[in-house]
*Asks:* 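Take a look at the following structure, please.
This is a predicted model, so every value here is computed, not measured. Letters go in sequence order (proteins before strands), and every chain restarts at 1.
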Amino acid sequence: MPGERDRELVESDRPSKKAKVSANGSAPEDNPYLAHMYAGGSLPSAAKSSRYGGSAGQDHFAGLTRHTTTTEQAQKLEDGPLNPFTGETLSDTYFKILKKRRDLPVHAQRDEFLKLYQDNQILVFVGETGSGKTTQIPQFVLYDDLPHTTGKKVACTQPRRVAAMSVAKRVADEMDVVLGEEVGYNIRFENNTSSKTILQYMTDGMLLREAMNDPDLHRYSCIILDEAHERTLATDILMGLLKDVAKRRPDLKIVVMSATLDAQKFQRYFGVEENKFNAPLLAVPGRTHPVEIFYTPEPEKDYVEAALRTVLQIHGTEPEGDILLFLTGEEEIEDACKRLRLEGDEMQREQDCGPLKVYALYGTLPPHQQQKIFEPAPPPAREGGRPGRKVVVSTNIAETSLTIDGIVYVVDPGFSKQKVYNPRIRVESLLVSPISKASAQQRAGRAGRTRPGKCFRLYTEKAFKTELIDQTYPEILKSNLASTVLELKKLGIDDLVHFDFMDPPAPETMMRALEELNYLACLDDDGELTHMGRSASEYPLDPALAVMLIASAEFRCPSEILSITALLSVPQIFMRPNHRRKEADQAKQLFAHPDGDHLTMLNAFHAYKGQDPGSAQKWCQENYLSYRSLSSADNVRNQLRVIMEKQGIDMESTSYEDRNYYNNIRQALCAGFFMQVAKKTAQGKGYITVKDNQDVLLHPSTVLGQENEWLVYNEFVLTTKNYIRTVTSVKPEWLLENAPIYYDIDSFPKGEVRTGLQRTMEKLARKQKQDRRRG
DNA sequence: GAGCACTGC
């Protein structure tokens, strides 16, 4: 009975203390990540014959003892003529690359690195950009760790997929092996590794997922956390976890790599525990060109105006070289580009300046347009004229994710959009805020990649020194932690309050997350993981979405909820190009469902799936739908479906002809999103959120009018006004039935919501009475 | 009648 689901899970699924076997809840034999350790006997010996010394079966590492090797020994092996890992003859390209590798700054400190690596379990390594740390350190480790003799691997984590892929490719080339064999990468949707793999680049999130099934990370002999200074949620949790794993697994080595000198913080973090780990720090300089920094003498009141003025001034007076300007968002950037183009043309006409080519760059731009920024600067307009110049106006995507060579001038107004989380109303929003000193440095560095450059900071030197914070707040302090807490529980961390976070989140944020998970029946009243919680943790989703997916079987609509969940996990599928808004809105109306946006998205997805694969892309374009988002939703959907099937969830949906088809879906939405509900206010056009009592408006993108009394919403967006976005109308009975604990009338303050719920309860009671009389 | 900084599973 759907109506009893909540209570049932909370009460009957509380794990008995006896039943709790291991910290992660799964026996190692069932663990998919450890399968290689049990399949057909012991892998290490098998690995030796297949990996060790290649076809000839000769051990090219003979005479070397693990964790006592020297640079000299490693270099001798690297010098060939045979590849010690494959036994093949090394290629000419290999030697060409080897020569360049030996010139990298890290190389000068290989001895020092090896010594510290061998003498310590945990090591912190600081290498600035251009030091070669990401490609070289893992190779230094390989020649000392000799992973092929232990059957274990070396892992190197990256915050971004593209980085994991491209670095793996580079290192495979450097080692003269085929990508996916000895060197591979593992990212969501793509595991390019094999049984031969000894070095694996992967996303930090992927390693965290693995840890949830194998908390001791038995597959690895060494874990390198790269770009730790970026402090992603996954890196932060992995650091806390690895600190613990290190105690349980003395054979595991950990290298934490960071680009900033803030690495002392990492060192302290790994060093405190009874001095068990010394976590020494090794720093290697980078190789970049000097960048001259200029500040404004007075604060600027309008940073966009100041930025445009500065760009044009550079164009008019500075020698050849491209410009990178940092602004905060799409609209601001497009607007700035328009104005720069106009002014640039005018300068060319009136002052005989070189031509100015302006490019916008931000994340939601389609890839082919992002690629355009790599076009070279335009040539002089006429023979002997002044050289042309390229200006890229970008969000902070150009700060870390994308590197543009040839930038000589950086204009930094000192702002970016940053996420802020308000635990009181459980809302994440984006705010234009001053950047950190570290960000400012990173931005300036972008000017010195190919030759000496200049950075114009549109704030005073005093402001830089006294007003900017040192580092941007780590992700963990800016996020809703519901899924993080669920992950930690699954990782076997029982005492979250005392979990050793590098930066502990606010207690209120933790409390909110625990409360949310309790309402979702993922944690019981003692904070223990329930059966539902354990199931939900298997999905790479927000807990509310995971719970909705699991509950969908009860409402006979798993297939539809699967699609909706996937659609909610990808960027917006409805496109709205600036000058074709009207056409786009009309196209969307074709898919509109009277009950709301979730169902509208589902209609569009079904229509997309009905297309011929060969013409789907064209069809999307004609209908103002994002092909990229839809096909990525399809990918996500498949991944989620596999997990559902593995959990034995009944995947049968009611047929489309059934009169309850859409009602079932709307009820299932309530099962996950009962905490994101708004009720229409009495006096007209506004809505009010249930429990938090926030006044909100329907986002103008919705297909719904103002007539619906109760809505579930996917998102609360705080911009000029408070909006709820992606909404579907529901019946209040469904809320009371599906989440009786959350909708306990007595917990509501007196007001419209309470009165509305009260009326619904009375209605339900009357109906029950009638039914009884009739029955 | 309005946006969507950026990542990741």
Side-chain angles (χ1 to χ4, degrees), chain A residues 157-164 186-191 202-213 227 230-238 326-335 360-365 394-402 415-420 428-433 435 439 442 472 474-476 478-479 483-484 486-487 490 536-543 545-546 566 569-578 581-582 584-585 626 629 632 635-636 639-640 643 685 697-702 705-706 715 717-726:
Chain A
T157 67
Q158 298 293 319
R160 282 169 291 278
R161 287 189 218 165
V162 266
N186 190 6
I187 58 178
R188 190 184 190 184
F189 305 127
E190 202 184 343
N191 185 349
M202 64 201 304
T203 45
D204 49 11
M206 201 69 196
L207 186 62
L208 188 59
R209 275 277 140 192
E210 248 188 74
M212 287 169 67
N213 286 293
E227 315 290 355
E230 287 196 30
R231 304 290 309 277
T232 64
L233 258 169
T235 296
D236 267 25
I237 299 166
L238 281 170
F326 285 100
L327 290 178
T328 64
E330 173 176 342
E331 202 179 304
E332 196 177 88
I333 287 171
E334 290 294 356
D335 192 50
L361 177 65
Y362 42 87
T364 47
L365 217 55
S394 170
T395 61
N396 37 3
I397 191 170
E399 207 177 288
T400 47
S401 306
L402 261 169
F415 292 96
S416 71
K417 276 194 190 169
Q418 288 169 44
K419 188 166 75 182
V420 281
E428 289 178 354
S429 51
L430 288 172
L431 262 181
V432 174
S433 332
I435 59 170
S439 263
Q442 179 74 19
T472 311
E475 207 52 35
I476 199 159
K478 302 186 288 188
S479 312
S483 62
T484 302
L486 188 62
E487 278 163 16
K490 179 77 205 311
S537 73
E538 308 253 323
Y539 297 87
L541 292 171
D542 264 357
L545 284 167
S569 323
V570 298
Q572 180 64 258
I573 59 164
F574 297 107
M575 311 262 277
R576 214 161 172 260
N578 261 336
R581 290 183 186 172
K582 222 170 147 189
D585 291 348
S626 161
S629 292
S632 130
N635 255 337
V636 174
Q639 190 192 27
L640 300 175
I643 303 173
K685 55 179 179 174
L697 295 171
L698 287 184
H699 194 274
S701 64
T702 187
Q706 303 287 336
E715 230 182 337
V717 281
L718 236 159
T719 50
T720 45
K721 291 169 187 144
N722 289 349
Y723 289 109
I724 47 174
R725 187 160 55 191
T726 313

*Asks:* For D236(A), check side chain to side chain contact (heavy atoms under 4.5 Å, CB included) against everything at least two apart and list the hits.
*Replies:* R231(A), M239(A), P474(A), I476(A)
*Asks:* Any side-chain N or O of R725(A) below 4.0 angstrom from OP1/OP2 of dC4(B)?
*Replies:* yes
*Asks:* Below 4.0 angstrom, N of the basic side chain to O of the carboxylate: do K417(A) and E332(A) qualify?
*Replies:* no
*Asks:* Over how many whole Å does the gap from D542(A) atom CG to dT7(B) atom C1' extend?
*Replies:* 14 Å
*Asks:* Let's test your reading of the model: under 3.5 Å, does the base of dG8(B) pair with the side chain of R160(A) as donor and acceptor?
*Replies:* no
*Asks:* For the side chain of E331(A), counting heavy atoms from C-beta on, which of dG3(B), dC9(B), dA5(B) is nearest?
*Replies:* dG3(B)
*Asks:* Taking C-beta and beyond as the side chain, do E538(A) and K490(A) meet within less than 4.5 Å on heavy atoms?
*Replies:* yes
*Asks:* Considering every strand and a 4.0 Å limit on heavy-atom distances, what is the contact class for I187(A): base, sugar-phosphate, or nothing?
*Replies:* sugar-phosphate
*Asks:* How close or far is atom C1' of dG8(B) from atom CD1 of I397(A), stated in whole angstroms?
*Replies:* 15 Å
*Asks:* For the side chain of R576(A), starting at C-beta, report the closest nucleotide among dC9(B), dA5(B), dG1(B).
*Replies:* dG1(B)
*Asks:* When you match T203(A) and Y362(A) each to their closest nucleotide on DNA chain B, which lands nearer the 5' end?
*Replies:* Y362(A)
*Asks:* Could you tell me the separation between the CG atom of L233(A) and the C1' atom of dT7(B), rounded to a whole number of Å?
*Replies:* 10 Å
*Asks:* Hey, does the side chain of K417(A) come within less than 4.0 Å of dC4(B)'s phosphate (OP1/OP2), counting only N and O?
*Replies:* no
*Asks:* Would E399(A) and S439(A) count as a side chain to side chain donor-acceptor pair (under 3.5 Å) if you check the C-alpha gap in whole Å, the side-chain angles of each, and the deciding distance to 0.1 Å?
*Replies:* CA-CA 8 Å; E399(A) 207 177 288; S439(A) 263; 2.8 Å; yes
*Asks:* Considering every strand and a 4.0 Å limit on heavy-atom distances, what is the contact class for Y539(A): base, sugar-phosphate, or nothing?
*Replies:* nothing
*Asks:* Which heavy-atom pair separates S537(A) from M212(A) by the least distance, and what is that distance?
*Replies:* O-CE, 3.4 Å
*Asks:* Ignoring backbone atoms, establish whether S701(A) has a side-chain N or O less than 4.0 Å from OP1 or OP2 of dG3(B).
*Replies:* no
*Asks:* Take the protein atom CG of D204(A) and the nucleotide atom C1' of dT7(B), then report the distance between them rounded to whole Å.
*Replies:* 9 Å
*Asks:* Students often get this wrong, so: under 4.0 angstrom with heavy atoms, is Q572(A) touching a base, only sugar-phosphate, or nothing?
*Replies:* base
*Asks:* Does the base of dG1(B) carry an N or O that pairs as donor and acceptor with the side chain of R581(A) under 3.5 Å?
*Replies:* no
*Asks:* Need to verify one output field. Residue with the more 5' nearest nucleotide on DNA chain B, K478(A) or L541(A)?
*Replies:* K478(A)
*Asks:* At 4.0 Å (heavy atoms only), tell me whether E330(A) reaches a base, stays on the sugar-phosphate, or touches nothing.
*Replies:* base
*Asks:* Can you list the residues that meet the ring pair (Phe, Tyr, Trp, His ring centres under 6.0 Å) rule with F415(A), with sequence neighbours excluded?
*Replies:* Y303(A)
*Asks:* Determine the contact category for T232(A): base if any of its heavy atoms lies under 4.0 Å from a base atom, sugar-phosphate if only primed atoms, P, OP1 or OP2 are that close, otherwise nothing.
*Replies:* nothing
*Asks:* Which nucleotide in the set dC4(B), dA5(B), dA2(B) lies at the smallest distance from any side-chain heavy atom of T395(A)?
*Replies:* dA5(B)
*Asks:* Please report, rounded to the nearest Å, how far the C1' atom of dA2(B) is from the CG atom of N722(A).
*Replies:* 14 Å
*Asks:* For K419(A), report the nucleic acid contact type (base, sugar-phosphate, nothing); a contact means any heavy atom under 4.0 Å.
*Replies:* base
*Asks:* Could you give the CD1-to-P distance, from I237(A) to dG8(B), as a whole number of Å?
*Replies:* 16 Å
*Asks:* May I ask you to say what D585(A) touches in the nucleic acid, namely base, sugar-phosphate or nothing, with a heavy-atom cut-off under 4.0 Å?
*Replies:* base
*Asks:* Just how far, in rounded Å, is C1' of dG3(B) from CG of L697(A)?
*Replies:* 15 Å
*Asks:* What integer distance in Å separates I435(A):CD1 from dA5(B):C1'?
*Replies:* 13 Å
